[in-house]
Amino acid sequence: MYKNLGKIIEYFSKKYPKPETALKFMTPFQLLIATIMSAQTTDVQVNKVTEKLFNKFEKAEDFAKLSYEELEKEIKSIGLYKNKSKYIIESSKMIINKYSNEVPKSREKLMNLPGVGRKTANVVLANAFKQNTIAVDTHVFRVANRLGIVNTDKTDQVEKTLMEVVPENYWSKFHHWLIFHGREVCKARNPYCQGCTLKSYCKYYQNQIKGG
DNA sequence: AACTCGGGGCA
DNA sequence: TGCCCAGAGTT
């Protein structure tokens with residue numbers, strides 16, 4: 001058991017009493033598409049395009065009909081739009097043809113869709129299907145390593161260890177907490193260690209002050 | 001294991 | 001205006 005976890009949970013519970021997904025939840029299909037789009041960009045950028053996009057195109061059939069070029073125009077502002085347009089359209093086709101027009105509810109099947117890796121699959125499982133998972137994005141990965149809750153460069157190992165160490169009823173909250181903390185305080189570059197309440201529990205900070 | 005895809009935000 | 005940020009697929 002990671003010894004500072006109680007303190008960390010206590011701090012986050014106060015600071016973020018009711019953490020929620022930044023991606024606006026719609027249908028499971030739309031959440032899947034929004035999550036595919038969110039790779040290598042921010043939820044803010046994705047939310048800028050989804051309202052208009054889902055107003056024009058609602059269901060898998062609507063996306064399956066589009067040409068790559070048509071969809072590229074709609075989502076250009078999120079970047080990596082050629083890949084993502086292809087992933088979205090091909091995933092839509094696969095959902096229709098292979099999964100009876102239902103977003104699959106298993107991780108294996110979700111990860112079989114183009115553009116869906118483990119992080120995206122876990123986000124969909126957690127938010128669309130209320131399965132208890134910890135999706136490991138770059139924030140979760142970085143913050144968990146810095147705090148010293150995990151010590152690994154393997155994403156799958158971060159997920160595994162967090163699920164072992166964090167009480168199950170906190171998995172979803174913990175996921176959001178590390179993301180918020182990673183964005184606002186424990187940033188990839190120039191983290192605000194001085195103002196961070198968790199610094200006395202943080203391996204990264206302790207190493208910083210030791211190193212000078 | 002390294003490379004590719006690409007825009008927005010910010011110093 | 002150039003650097004940094006954020007996942008998945010391919011080679």
Side-chain angles (χ1 to χ4, degrees), chain A residues 19-24 29-53 63 66-95 98-99 103-104 106-128 133-147 150 152-162 174-196 204:
Chain A
E20 285 175 5
T21 29
L23 286 176
K24 186 104 177 122
F29 173 76
Q30 289 170 343
L31 177 71
L32 170 70
I33 300 311
T35 310
I36 290 175
M37 287 197 287
S38 75
Q40 291 291 104
T41 187
T42 63
D43 296 336
V44 174
Q45 298 305 320
V46 173
N47 285 334
K48 284 180 187 170
V49 308
T50 46
E51 193 178 345
K52 267 194 292 185
L53 184 69
F63 285 88
L66 296 175
S67 70
Y68 295 167
E69 291 76 15
E70 283 173 300
L71 187 51
E72 284 166 18
K73 282 184 225 155
E74 304 283 339
I75 67 170
K76 211 167 185 0
S77 65
I78 66 174
L80 309 181
Y81 53 87
K82 284 199 166 82
N83 284 341
K84 289 175 183 179
S85 294
K86 184 167 77 176
Y87 295 154
I88 289 167
I89 288 168
E90 296 309 318
S91 282
S92 298
K93 288 179 185 171
M94 198 179 293
I95 286 169
K98 207 172 162 184
Y99 298 125
V103 177
S106 79
R107 180 179 290 115
E108 291 68 29
K109 287 177 180 170
L110 282 167
M111 288 179 69
N112 208 24
L113 299 169
V116 180
R118 194 175 180 94
K119 179 259 180 179
T120 299
N122 279 355
V123 168
V124 172
L125 289 172
N127 296 305
T133 70
I134 300 180
V136 178
D137 72 348
T138 182
H139 297 298
V140 173
F141 180 93
R142 181 180 66 252
V143 176
N145 269 292
R146 281 188 180 163
L147 285 172
V150 302
T152 178
D153 60 353
K154 305 273 193 303
T155 301
D156 289 4
Q157 187 57 48
V158 174
E159 180 183 325
K160 187 169 179 289
T161 303
L162 286 180
F174 209 80
H175 160 80
H176 294 293
W177 286 338
L178 295 201
I179 289 176
F180 296 157
H181 189 64
R183 277 208 278 253
E184 297 167 11
V185 180
C186 196
K187 304 196 295 180
R189 292 292 166 96
N190 302 320
Y192 301 135
C193 291
Q194 291 304 328
C196 179
Y204 177 84

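Both backbone and side-chain heavy atoms feed into the values below; hydrogens, waters and symmetry mates do not.
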Touch class at under 4.0 angstrom, heavy-atom based, for A:Ser38 against every strand present: nothing

A:Ala188, nearest nucleotide to its side chain (from B:dG9, B:dG7, C:dC5): C:dC5

Derivation and outcome, side chain to side chain donor-acceptor pair (under 3.5 Å), residues A:Lys76 and A:Tyr81: CA-CA 6 Å; A:Lys76 211 167 185 0; A:Tyr81 53 87; 2.7 Å; yes

Nearest-Å distance for atom pair NZ/C1', residues A:Lys154 and B:dA1: 11 Å

A:Tyr87 or A:Thr42, whichever maps to the more 5' nucleotide of DNA chain C: A:Thr42

Length of the line joining A:Ile88:CD1 and C:dG9:P, which is rounded to integer Å: 13 Å

Nearest-Å distance once atom P is located in both B:dG6 and C:dT11: 15 Å

Sugar-phosphate, base or nothing in reach of A:Thr138, heavy atoms under 4.0 Å: sugar-phosphate

Side-chain heavy-atom pair A:Glu159, A:Asn122 within 4.5 angstrom cut-off: yes

Protein-nucleotide distance (A:Arg189, atom CZ; C:dA6, atom C1'), rounded to Å: 13 Å

Sugar-phosphate only, base, or nothing, as touched by A:Arg183 at under 4.0 Å among non-hydrogen atoms: nothing

A:Arg142 vs C:dC5: side-chain N/O to OP1/OP2 distance below 4.0 Å: no

Rounded P spacing from B:dA11 to C:dA6 in Å: 16 Å

Backbone of A:Pro114 reached by a side-chain donor or acceptor of A:Ser91 within 3.5 Å: yes

Sugar-phosphate, base or nothing in reach of A:Lys187, heavy atoms under 4.0 Å: nothing

Under 4.0 angstrom between A:Lys82 side-chain N/O and B:dC5 OP1 or OP2: no

A:Tyr68 side chain to A:Lys82 side chain, donor-acceptor N/O pair below 3.5 angstrom: no

Whole angstrom value for the distance that separates P of C:dA6 from NZ of A:Lys84: 13 Å

Between C:dT10 (P) and A:Asn83 (CG): distance, integer Å: 9 Å

Residue A:Leu80, side-chain atoms from C-beta onward, closest of C:dG7, B:dG7, C:dA8: C:dG7

Sugar-phosphate only, base, or nothing, as touched by A:Ile75 at under 4.0 Å among non-hydrogen atoms: nothing

Distance, rounded to the nearest Å, where A:Met37 contributes CE and B:dG7 contributes P: 16 Å

Under-4.0 Å salt bridge between A:Glu74 and A:Lys52: no

Whole-Å distance separating the CD1 atom of A:Ile33 from the C1' atom of C:dA8: 15 Å

Position toward the 5' end of DNA chain B (nearest nucleotide), A:Ala39 or A:Lys48: A:Ala39

Nearest to side-chain heavy atoms of A:Thr120, which nucleotide of B:dG6, C:dA8, B:dG7: C:dA8

Sugar-phosphate only, base, or nothing, as touched by A:Val44 at under 4.0 Å among non-hydrogen atoms: nothing

N or O in side chain of A:Gln45 less than 4.0 angstrom from B:dG9 OP1/OP2: yes

Nearest-angstrom distance from the residue atom CG of A:Asp156 to C1' of C:dA8: 13 Å

Backbone N/O of A:Cys186 and side chain of A:Arg142: donor-acceptor pair under 3.5 Å: yes

